[in-house]
Number of protein chains: 2
Amino acid sequence: MRQFKKGSLEMILLCLIAQGETYGYELLTRLNSGGASVLGYAREGTVYPILYRLQDAGLIRCRMAPSAANGGAKKYYALTERGRETLGELIAFWRAYARCVEDFIGEVPGEETAAWKSSI
Amino acid sequence: MRQFKKGSLEMILLCLIAQGETYGYELLTRLNSGGASVLGYAREGTVYPILYRLQDAGLIRCRMAPSAANGGAKKYYALTERGRETLGELIAFWRAYARCVEDFIGEVPGEETAAWKSSI
DNA sequence: ATTACTATTTAGTAATACTAAGTATAGCGC
DNA sequence: GCGCTATACTTAGTATTACTAAATAGTAAT
C-alpha cells in the first residue's frame with residue numbers, strides 16, 4: 001500500500017516547513033508521529049534526499065546552526081517565496097486529484113461516494 | 001505534479017474493471033476521458049504493464065476474444081474474488097491516506113482544512 | 001569508554017510510471 | 001490491391017521517487 005505515498009511526501013514536507021523553520025531530524029520525527037500508521041515509517045534515507053531536491057528546486061533555503069545542547073549541527077530549512085507559491089499550487093492540485101480519484105471510486109458497485117463529496 | 005498519480009493508477013484501473021468486464025484499450029480511453037486533465041494523459045505503455053501486474057497478482061483474470069468487427073483481438077479482464085477484496089482494502093486505505101494528507105495540509109498557515117473534513 | 005540520543009550523509013536497490021517505438025487486424029475509399 | 005485510419009496489444013529503455021542499510025559525527029550521562 002505504500003505506493004500511495006509516492007509524490008505526496010514532498011508536499012507534506014513543504015507543509016511541515018511552512019509551519020516554521022525546522023530541520024531534517026525534526027521533520028523526520030514529526031512525519032512519523034503524525035500519520036506513520038497510514039503513511040508508513042519514513043527513515044533518514046527517505047527524508048533527507050527529498051530536502052536536497054527541494055533545495056535544488058529553490059523551494060526551501062537552508063541555514064546552518066552550530067551544535068546545539070544535545071546532538072550534532074543542524075541545518076534549518078525555511079520556505080522560499082517560490083516554495084510558498086509552489087506549495088499552494090501543490091495543495092490545489094492534490095485536492096483536485098483526490099476528488100478525481102474519489103470520482104472513480106464512486107462508480108464502483110458497492111462503494112458509496114464519500115459523504116463529503118455530496119456536501120461540496 | 002504527475003507524481004501524485006503514482007500508486008493510485010492500479011486502484012483506479014481496478015475500479016474501472018469492477019464496473020464490468022472490459023479490455024485494455026477501452027480502459028485507456030475511459031481513463032483518459034475521466035480526469036485526464038488532472039491525472040495527465042495515460043498511454044499504452046502505462047496501462048498495459050499495470051494490467052499484467054494485476055493479473056500476475058491474481059487480482060484480475062483474462063479472457064481472449066477473437067477479432068471484433070473493427071480492430072484486433074481483445075483481452076477481456078474481470079476482477080477475481082481476491083481482486084474484489086483487495087480493491088475494497090485499497091479504497092479504505094486510500095481514504096485513510098487522503099485524510100492523513102489533508103491533516104498535514106490543515107496545519108499550513110493560510111490553508112483552511114477542506115470543508116468535508118469538519119463534516120465527517 | 002561505552003552507551004544513548006541527536007543529526008546528517010550516501011550507496012545501492014526496488015517500485016512505478018513514462019517515452020517511444022513496434023506489431024497486427026479490420027474496414028473504407030480509391 | 002493499396003494506402004489510410006482506427007482499433008488493440010507489446011515491449012525496451014529511461015526517469016522518478018522512495019526504501020534499505022549502513023556509515024559518520026557530536027554531546028552527555030553512566
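Naming convention: chains lettered A, B, ... in sequence-line order (proteins, then strands); numbering from 1 in each chain. When reading the values below, keep in mind they use all heavy atoms of this one structure, side chains included, and skip hydrogens, waters and symmetry mates.
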Does [N] have its OP1 or OP2 closer than 4.0 Å to a side-chain nitrogen or oxygen of [X]?
X: B:K74; N: C:dT25; answer: no
X: A:R53; N: D:dT16; answer: no
X: B:Y48; N: D:dT11; answer: no
X: B:Y25; N: D:dC9; answer: no
X: A:Y23; N: C:dT8; answer: no

Judged by atom type as modelled, is there a donor-acceptor pair below 3.5 Å linking the side chain of A:R82 to the main-chain atoms of A:A57? yes

Side-chain donor/acceptor of A:T80 to backbone N/O of A:R61, under 3.5 Å: no

The answer to which of B:L9 and A:P49 contacts DNA chain C further toward the 5' end, by nearest nucleotide, is A:P49

From [atom1] of [X] over to [atom2] of [N], roughly how many Å is that when rounded to an integer?
X: A:Y41; N: D:dT20; atom1: OH; atom2: P; value: 12 Å
X: B:L31; N: C:dC18; atom1: CG; atom2: C1'; value: 14 Å
X: B:D56; N: C:dT16; atom1: CG; atom2: P; value: 13 Å
X: A:R43; N: C:dT13; atom1: CZ; atom2: P; value: 18 Å
X: A:M64; N: D:dG26; atom1: CE; atom2: C1'; value: 12 Å
X: A:E10; N: D:dA18; atom1: CD; atom2: P; value: 6 Å
X: A:M11; N: D:dT16; atom1: CE; atom2: P; value: 20 Å
X: B:L51; N: D:dA8; atom1: CG; atom2: C1'; value: 12 Å

5' precedence on DNA chain D between B:E44 and A:I50 (nearest-nucleotide basis): B:E44

Is B:G45 touching bases, backbone alone, or none of the nucleic acid, heavy atoms closer than 4.0 Å? base

By the 4.0 Å heavy-atom rule, please label B:L28 as base, sugar-phosphate, or nothing. nothing

So OG1 of A:T86 and CG of A:L79: to nearest 0.5 Å the spacing works out to 9.0 Å

Kindly indicate, with the supporting measurements, whether the criterion salt bridge (charged side-chain N to carboxylate O under 4.0 Å, His left out) is fulfilled by A:R63 and A:E21. CA-CA 9 Å; A:R63 174 174 74 79; A:E21 202 183 40; 2.9 Å; yes

Tell me the partner of D:dG3, counting only Watson-Crick (N1-N3 plus N6-O4 or O6-N4) or G-U wobble (N1-O2 and O6-N3) with both under 3.5 Å; none if nothing fits. C:dC28

Among D:dC9, C:dT9, C:dT19, find the nucleotide with the atom closest to the side chain of A:K75. C:dT9

Among C:dC18, D:dC9, C:dT9, the nucleotide that comes nearest once only the side chain of B:T46 is considered: C:dC18

Walk me through it: do A:E26 and A:K74 pass the test salt bridge (charged side-chain N to carboxylate O under 4.0 Å, His left out)? CA-CA 10 Å; A:E26 195 185 51; A:K74 299 170 187 173; over 6 Å; no

